[in-house]
Every structure is written in C-alpha cells, then in structure tokens.
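Take a look at the structure below.
Counting from 1, the numbers follow the sequence of the chain as shown.
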Amino acid sequence: MSWRYHDTANSHWVASTDEPGLQLHLRAHGDEPSRPPVLMVHGATYASRLYDIPYPGASWLRAMAEAGFAAYALDIRGYGKSRSAVMGRADTPYAPASAAICDIDDAVAWICARHGVETVRLIGGSWGSITTAQYTATIGAAHVAQLVLYAPIFAERNAGWLELLADREDPTRLNPAFGAARLVTEFATRSRWDAEMPTGADWRDEAVFQALVQSSLSDDPSSNAHDPPAFRAPNGTFLDLWEAFNGRRVYDPSAIHCPTLLIRGGADPTSTRSDALRLLDRLGAADRHYVEIANGAHFVSAERRATQVFNSVNSFLCATFV
C-alpha cells in the first residue's frame, strides 16, 4: 500500500513576519482548538515529515495526538512545504538558527491564538534542539511550558562532523563553498544512517525508511528534476553546527527554566552522551530529565525503538498535562 494512503495530516499555513511572501507550513494531527498544543521543530535535513512518517505506527505526531494533544510540526523556511523564493536567489547558507527562531515564534503565536492559550509544549530535534532551546532561552521564554530536546546538540567538539564541514584549505573555518542549500538523495540518507549503526544491526524498517524518503521527495516539486531524485535542504544549519561541534555554545542553557527533557539514541555519534549530560547540568530548569534509548541511532524516532521515544516523551508531557 502506498505511503500516500497513510498521509492524513492536516496542513495549516502561517504568514512569516520576517520574510515577505513566505508561508510557513504546519503539519498537524488532533488539532482541535480545545486540546493542549505541542509544536515539533525538525533538524538539519529532514523537515516535519520525520515526525509524521506516513506508515502505520511510525508517526510521532499521531502518537502525541492519540495521547490527547493537538500535535503540530513546523517546516522551517526552505524545508518541506515552506518553500522560499529568497532561498533560490541566495548564494550563502540560507536559514540559520536566527531565521529559524523567527519561524518558531510565528508558529507559536499562531498556535496560541488558535487554541486560546499563552504557552505551548515545544519539541526540537537535532539542529532543532539548538533552535528551540535558543528560542526558549530568549524571546520565547514566556511561551514555552515544557521543552523536549531530542538528539540534543550543545557544545562539544565532534571531529567527524568537523571533517565534513571544514574548508579543505583551512580546517579552522567552515567550508566557504557551501551555497544556500544542498540536495538530499535516498542514497545519501541511507549511507549516513547505516554508518551510525553497528554492522549487522537490524534497527530500521525498510518500509518506514522508504515512506520517509519518498514523502520527503514529494514535498519538493523540483525533486524529480534531478537524477537521482533529490530534495533541497537549506545550509544555514551548518553555521550553527560549526559552532556547536567546535565546542562553542550558541545559546545559554541557564536561561531555560521550564521543565525540560533530553532524549537520545544510545549509539548516536552526533548527539553524544557526554554533550547531552553537559547540557543537562547547565540547564536553569530545576525540573530536568535525561532519557537514553539503547540500540538507537540519531534517527531513533524513526527506528524500531521509536515507540520508546514516543512513550517517554508523552509521559513527560503528560506529567504536567493541564
């Protein structure tokens, strides 16, 4: 059965207050205005599709809706269906954290108005952990009731990532050849994901993988113009990851005071245990938690142990469900 049969989320559109003409896309399940809202923010490569994989049991967004929440997932500008005319004209990395924070703020304001509330529960994954944490530590402090940082990245030197991002001529700086965006193929996704898992590990369901890749390709109308098909992902994230992977923080965790959960896959080489625990110790929140899912990689929320991620996060969110 095609992934399209399971692609049942509602779509909402929010006008950007930062980029003229930009309409930000929100994917949603259980979005009745009477329900308490949760907003999810994606990482550097896959957009909101990562949280709503159109395959039975694979949608984190649907799992939150089944727990009683109005579950939303945002496509940051240039990602997913939040297509930007500006990105196509840019010659430098597009949509760093400073832009993403504006998009998060626009989405939070729209959701709060729709639900008649002043706060949301906020979830950010990978690079999205940087943007949501920075938002919560600054302009969004009064609008976040609970914060979940999935596959969190804070400030730890990561040699593997620095090798990928560095200028070959001068390894002390970010590669200046990075343009506004890059192309992401099925092969590139599979190669990265496989490299994070032990040889022979059966952590991922191929049908779930295909549903994620094919639905993501479908969100970019230009994907079939490439051989092999590929969708575009902005490179602004590299500006923030370069700082974090050099051990330089891009936000102050002591300014985060709402209840906070950090959750990651135990084998994740991007979001490491040492970096996550360093972040945990520096949070200003008195109510803070750390959960590690064994036998899971960076995309553990899309692997066979995804249900453990969903249940752990739902339990945390429901602890103060009012």
Open item on the list: Within the structure provided, determine whether Arg49 and Pro54 are in side-chain contact (heavy-atom separation under 4.5 Å).
Closed with: yes
Task: Between Ser84 and Glu19, a side-chain donor and acceptor under 3.5 Å - done: yes
Open item on the list: With a 3.5 Å distance limit and no angle check, can you tell me whether Ser129 reaches the backbone of Ser126 through a side-chain donor-acceptor pair?
Closed with: yes
Open item on the list: Grouping I, L, V, M, F, W and Y whenever their side-chain heavy atoms are under 4.5 Å apart, do Leu50 and Val38 come out in a common cluster?
Closed with: yes
- [ ] First locate atom CZ of Arg264, then atom OG1 of Thr270, and finally report the distance between them rounded to the nearest 0.5 Å.
- [x] 10.0 Å
- [ ] Answer whether the closest heavy-atom distance between the side chains of Thr189 and Thr185 falls below 4.5 Å.
- [x] no
Task: CA sep, side-chain torsions, deciding dist, call: Arg304, Asp205, side chain to side chain contact (heavy atoms under 4.5 Å, CB included) - done: CA-CA 7 Å; Arg304 298 193 189 278; Asp205 185 320; 4.0 Å; yes
Task: Polar contact flag, side-chain donor to acceptor under 3.5 angstrom, His289-Thr260 - done: no
Task: CZ on Phe69 to CG on Leu317, rounded to 0.5 Å - done: 4.5 Å
Open item on the list: With no hydrogens and no angle check, just 3.5 Å: does a side-chain donor-acceptor pair link Asp75 and His42?
Closed with: no
Task: Worked check of side chain to side chain contact (heavy atoms under 4.5 Å, CB included) between Thr119 and Cys112 - done: CA-CA 7 Å; Thr119 63; Cys112 285; 5.8 Å; no
Task: Within 6.0 Å of CD in Gln210, more than 12 heavy atoms from elsewhere - done: yes
Open item on the list: Check for me whether the distance between the ring centres of Phe209 and Phe299 falls short of 6.0 Å.
Closed with: no
Open item on the list: Please determine whether the number of non-hydrogen atoms from other residues, nucleotides or ligands lying under 6.0 Å from atom CZ of Arg35 exceeds 12.
Closed with: yes
Task: Side-chain donor-acceptor pair present, Arg114, Tyr72, cut-off under 3.5 Å - done: yes
Open item on the list: Please tell me whether Tyr290 and Val300 are part of a single hydrophobic cluster in this structure, the criterion being side-chain heavy atoms less than 4.5 Å apart.
Closed with: no
Open item on the list: For Glu169, I'd like to know if atom CD has over 12 heavy atoms of other residues, nucleotides or ligands within 6.0 Å.
Closed with: no
- [ ] To the nearest 0.5 Å, tell me how far Ser315 OG sits from Phe310 CZ.
- [x] 13.5 Å
Task: Partner of Tyr79 under side chain to side chain contact (heavy atoms under 4.5 Å, CB included), chosen from Thr237, Leu24, Thr45 - done: Thr237
TODO: Tell me, with the steps shown, if Arg249 and Asp252 meet salt bridge (charged side-chain N to carboxylate O under 4.0 Å, His left out).
DONE: CA-CA 7 Å; Arg249 71 182 194 186; Asp252 179 7; 3.7 Å; yes
Task: Cluster check Trp127, Ile256: I/L/V/M/F/W/Y, side chain < 4.5 angstrom - done: yes
Open item on the list: Let me confirm one number: the OG-CZ distance from Ser216 to Phe231, rounded to the nearest 0.5 Å.
Closed with: 5.0 Å
Open item on the list: Are Tyr251 and Tyr135 an aromatic pair, judged by ring center distance below 6.0 Å?
Closed with: no
Open item on the list: Strictly distance-based, threshold 3.5 Å: is any side-chain N or O of Gln146 a donor or acceptor partner for the main-chain N or O of Phe316?
Closed with: yes
Task: Any donor-acceptor N/O pair, Glu196 side chain to His298 backbone, under 3.5 Å - done: yes
Open item on the list: Is it the case that the side chain of Asp103 and the backbone of Ile76 share a donor-acceptor pair, with hydrogens and angles ignored and the cut-off at 3.5 Å?
Closed with: no
TODO: Indicate if Leu277 and Ile130 have the same hydrophobic cluster label, given that clusters are the connected sets of ILVMFWY residues with side-chain heavy-atom separations under 4.5 angstrom.
DONE: yes
TODO: Classify the side-chain pair Arg27/Tyr51 by whether it contains a donor and acceptor separated by less than 3.5 Å.
DONE: no
TODO: Decide yes or no for Leu26 and Trp110: does some side-chain heavy atom of the first lie under 4.5 Å from some side-chain heavy atom of the second?
DONE: yes
Task: Lys/Arg-Asp/Glu bridge criterion (N-O < 4.0 Å) met for Glu206, Arg190 - done: yes
Task: Leu280 versus Arg288, closest heavy-atom pair with distance - done: O-NE, 2.8 Å
Open item on the list: Under a 3.5 Å cutoff, is there a donor and acceptor pairing between the side chains of Gln23 and Ser82?
Closed with: no
Task: Smallest separation among heavy atoms of Phe178 and Leu165, with atom names - done: CE1-O, 3.5 Å
TODO: Identify the heavy atoms of Pro234 and Arg182 that sit nearest to each other, and give their distance.
DONE: O-NH1, 2.7 Å
Task: Presence of salt bridge, Arg62 and Asp52, under 4.0 angstrom - done: no
TODO: Drop me the distance from Phe245's CZ to Asn158's CG, to the nearest 0.5 angstrom.
DONE: 5.0 Å
Task: For the student: nearest non-hydrogen atoms of Arg173 and Pro176, plus distance - done: NH2-CG, 3.7 Å
TODO: Find out whether Glu66 and His29 are in side-chain contact, i.e. whether some heavy atom of one side chain is under 4.5 Å from a heavy atom of the other.
DONE: no
Task: Exam field: side chain Ser191 to backbone Ala188, donor-acceptor pair closer than 3.5 Å - done: no
Task: Any side-chain heavy-atom pair of Phe187 and Pro228 under 4.5 Å - done: no
Task: Connected via hydrophobic side-chain network under 4.5 Å: Leu149 and Met64 - done: no
Task: SB check Arg248 Glu243 (cutoff 4.0 Å) - done: yes
- [ ] Answer yes when Asp275 and Arg278 have at least one side-chain N-carboxylate O distance shorter than 4.0 Å, and no when they do not.
- [x] yes
Open item on the list: What I want to check is whether the side chains of His12 and Asp31 have a donor and an acceptor closer together than 3.5 Å.
Closed with: yes
- [ ] Check whether any side-chain N or O of Asp105 sits under 3.5 Å from a backbone N or O of Ile101 as a donor-acceptor pair, and report yes or no.
- [x] no
TODO: Take Met40 and Ser48 through the side chain to side chain contact (heavy atoms under 4.5 Å, CB included) test and state the conclusion after the steps.
DONE: CA-CA 8 Å; Met40 305 188 76; Ser48 63; over 6 Å; no
- [ ] Could you please spell out the steps behind the side chain to side chain contact (heavy atoms under 4.5 Å, CB included) verdict for Arg77 and Cys102?
- [x] CA-CA 10 Å; Arg77 66 183 72 182; Cys102 293; 3.8 Å; yes
TODO: Please examine the side chains of Asn175 and Phe238, heavy atoms only from C-beta on, and report whether any two atoms are closer than 4.5 Å.
DONE: no
- [ ] Using a strict cut-off of less than 4.0 Å between a Lys/Arg side-chain nitrogen and an Asp/Glu carboxylate oxygen, indicate whether Arg83 and Asp219 qualify as a salt bridge.
- [x] no
TODO: Considering non-hydrogen atoms only, spot the tightest contact between Ala255 and Ala137 and give its length.
DONE: CB-O, 3.6 Å
Open item on the list: So which atom in Ile263 and which in Ser312 form the shortest heavy-atom distance, rounded to 0.1 Å?
Closed with: CD1-CB, 3.8 Å
TODO: Would you give the length of the straight line joining atom CG of Leu122 to atom CG of Leu39, rounded to the nearest 0.5 angstrom?
DONE: 5.5 Å
Task: Ser271 side chain reached by Asp268 side chain, heavy atoms, under 4.5 Å - done: yes
Task: Heavy-atom side-chain contact between Leu174 and Asp167 under 4.5 Å - done: no
TODO: Go through the side-chain N and O atoms of Asp18 and Ser16 and say whether any donor and acceptor fall under 3.5 Å apart.
DONE: no
- [ ] Please confirm whether Arg305 makes a cation-pi placement over Trp203, using NZ or CZ under 6.0 Å from the six-membered ring centre and within 45° of the ring normal.
- [x] no
